[in-house]
A.B. asks: 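Starting off with a structure, shown below.
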Amino acid sequence: MCSRFPIELLFYGALLAGCYKGPPPALPSEQSDRQGAIGSTLAPGIDHSLVVHDPRVAAYYDNAEAVNTGRILFGQFNCSGCHANGGGGMGPDLMDDEWIYGGRLEQIHQTIVDGRPNGMPAWGGKIPDQQIWQIAAYVRSMSLPQTLAAQTGPTPSQSPAPVPAAADQHNGWSPPPQTTNDYTTTTGGPD
């Protein structure tokens, strides 16, 4: 029995040492003055900027092939089960201009990857990232005036327009009316 004790002690000591992750990350010293998309006011943690800039998004602007592939994937992954071909159902309407977690491609991509409280599952790691970007491009295209004007049948968003970069020249999200918090700054807690 005595000979096992040092081995178990070493094992548990090594296991506990692996749990230490170091000091917490530092707060961002200042926000960038570049225009970007607000990540989400519901994203926990302070180790990231509130502004999202993802260079991968450029490949999905003005890309009709990505939007059409996203439309097919939207159907294959049964997104319509909750979003009813973009018109809303159990999940939010995707054809209006109201976005709970932001309506820019980066924000839609993040919503698909991470999921959202009360219903939206996280698809990151389950769907290849390129396909998530294509679905995001299709979802963003649903609310474009060109896509809405092309609706001729009972199934909406079947003729999606490519997303122009100019469509996302905003932060993607606005605070609720009559709020006193602009949700663009970080606050410090008690010291």
Side-chain angles (χ1 to χ4, degrees), residues 35-45 48 50-176 183:
Q35 181 180 4
I38 303 298
S40 170
T41 60
L42 298 179
H48 57 83
L50 291 174
V51 178
V52 176
H53 293 287
D54 194 325
R56 298 175 295 174
V57 73
Y60 298 93
Y61 286 124
D62 298 309
N63 187 336
E65 181 181 343
V67 171
N68 283 318
T69 302
R71 180 182 58 80
I72 293 166
L73 293 168
F74 190 88
Q76 289 176 341
F77 287 110
N78 194 28
C79 302
S80 292
C82 293
H83 296 284
N85 288 315
M90 183 173 22
D93 185 344
L94 303 174
M95 297 174 65
D96 60 19
D97 60 356
E98 296 178 23
W99 296 90
I100 299 169
Y101 299 101
R104 290 180 55 147
L105 282 177
E106 296 102 331
Q107 295 164 321
I108 296 167
H109 175 270
Q110 202 62 41
T111 293
I112 297 168
V113 168
D114 291 341
R116 296 299 181 193
N118 302 321
M120 177 67 185
W123 291 97
K126 298 176 183 125
I127 299 176
D129 198 55
Q130 178 183 8
Q131 291 181 349
I132 292 176
W133 280 108
Q134 292 167 330
I135 293 168
Y138 173 62
V139 167
R140 178 62 183 96
S141 76
M142 287 184 194
S143 63
L144 293 175
Q146 302 90 323
T147 300
L148 295 172
Q151 275 184 218
T152 56
T155 307
S157 302
Q158 295 306 300
S159 299
V163 180
D168 280 357
Q169 297 303 314
H170 54 82
N171 70 8
W173 183 86
S174 299
Y183 295 96

A.B. asks: Of the non-hydrogen atoms in Leu105 and Ala137, which two are nearest, and what is the gap between them?
C.D. replies: CD2-CA, 3.5 Å
A.B. asks: With side-chain contact (heavy atoms from CB on, under 4.5 Å) as the test, pick out the partner of Val139 among Leu94, Val67, Val163.
C.D. replies: Leu94
A.B. asks: Rounded at 0.5 Å granularity, tell me how far CD in Gln158 sits from OG1 in Thr147.
C.D. replies: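 Atom-to-atom, Gln158:CD and Thr147:OG1 are 11.0 Å apart.
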A.B. asks: First locate atom CG of Leu73, then atom CD1 of Ile135, and finally report the distance between them rounded to the nearest 0.5 Å.
C.D. replies: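 If we round to the nearest 0.5 Å, Leu73:CG and Ile135:CD1 are 5.0 Å apart.
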A.B. asks: OG/Ser159 to CZ/Arg71 distance, rounded to the nearest 0.5 angstrom?
C.D. replies: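 Spacing of OG (Ser159) from CZ (Arg71) equals 7.5 Å.
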A.B. asks: Could you give the distance from OG (Ser157) to CD (Gln151), rounded to the nearest 0.5 Å?
C.D. replies: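 The CD atom of Gln151 is 5.5 Å from OG of Ser157, to the nearest 0.5 Å.
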A.B. asks: Return the minimal non-hydrogen interatomic distance between Ile112 and Met120, and the atom names on each side.
C.D. replies: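 Ile112 and Met120 have their closest heavy atoms at CA-CE, 3.9 Å.
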A.B. asks: Any heavy-atom pair between the side chains of Pro160 and Asn68 that's under 4.5 Å?
C.D. replies: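 With C-beta onward as the side chain, the pair touches.
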A.B. asks: Hey, are the side chains of Ile100 and Arg116 touching, using non-hydrogen atoms and a 4.5 Å cut-off?
C.D. replies: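 No, side chains not in contact.
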A.B. asks: Identify the two heavy atoms, one from Asp62 and one from Pro164, that lie closest to each other, and give their separation to 0.1 Å.
C.D. replies: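 It is OD1-CA, 3.3 Å.
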A.B. asks: Quick one: does any side-chain atom of Thr69 pair with a main-chain N or O of Glu65 as donor and acceptor, under 3.5 Å?
C.D. replies: yes
A.B. asks: Quick check: do Trp133 and Asp54 have side-chain heavy atoms less than 4.5 Å from each other?
C.D. replies: yes
A.B. asks: I need the Ile108 CD1 to Asp168 CG distance, nearest 0.5 Å.
C.D. replies: 7.0 Å
A.B. asks: Does a side-chain heavy-atom distance below 4.5 Å link Pro117 with Tyr101?
C.D. replies: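 SC-SC contact between Pro117 and Tyr101 confirmed.
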A.B. asks: Are His109 and Arg56 side-chain neighbours, meaning at least one heavy-atom pair lies under 4.5 Å?
C.D. replies: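 Sidechains of Arg56 and His109: in contact.
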A.B. asks: Using 30° and 60° as the class boundaries, would you call the ring planes of Phe74 and Tyr138 parallel, tilted or perpendicular?
C.D. replies: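 Phe74 and Tyr138: perpendicular rings.
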A.B. asks: I need the minimum non-hydrogen distance between His83 and Pro92, along with the two atoms involved.
C.D. replies: ND1-O, 2.9 Å
A.B. asks: Apply side chain to side chain contact (heavy atoms under 4.5 Å, CB included) to residues Gln130 and Tyr60 and explain how you reach the verdict.
C.D. replies: CA-CA 10 Å; Gln130 178 183 8; Tyr60 298 93; 3.5 Å; yes
A.B. asks: I want to check something: taking the side chain as every heavy atom from C-beta on, are Gln131 and Phe77 in contact at a cut-off of under 4.5 Å?
C.D. replies: yes
A.B. asks: Let me confirm one number: the CD-CZ distance from Gln110 to Arg104, rounded to the nearest 0.5 Å.
C.D. replies: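 If we round to the nearest 0.5 Å, Gln110:CD and Arg104:CZ are 13.5 Å apart.
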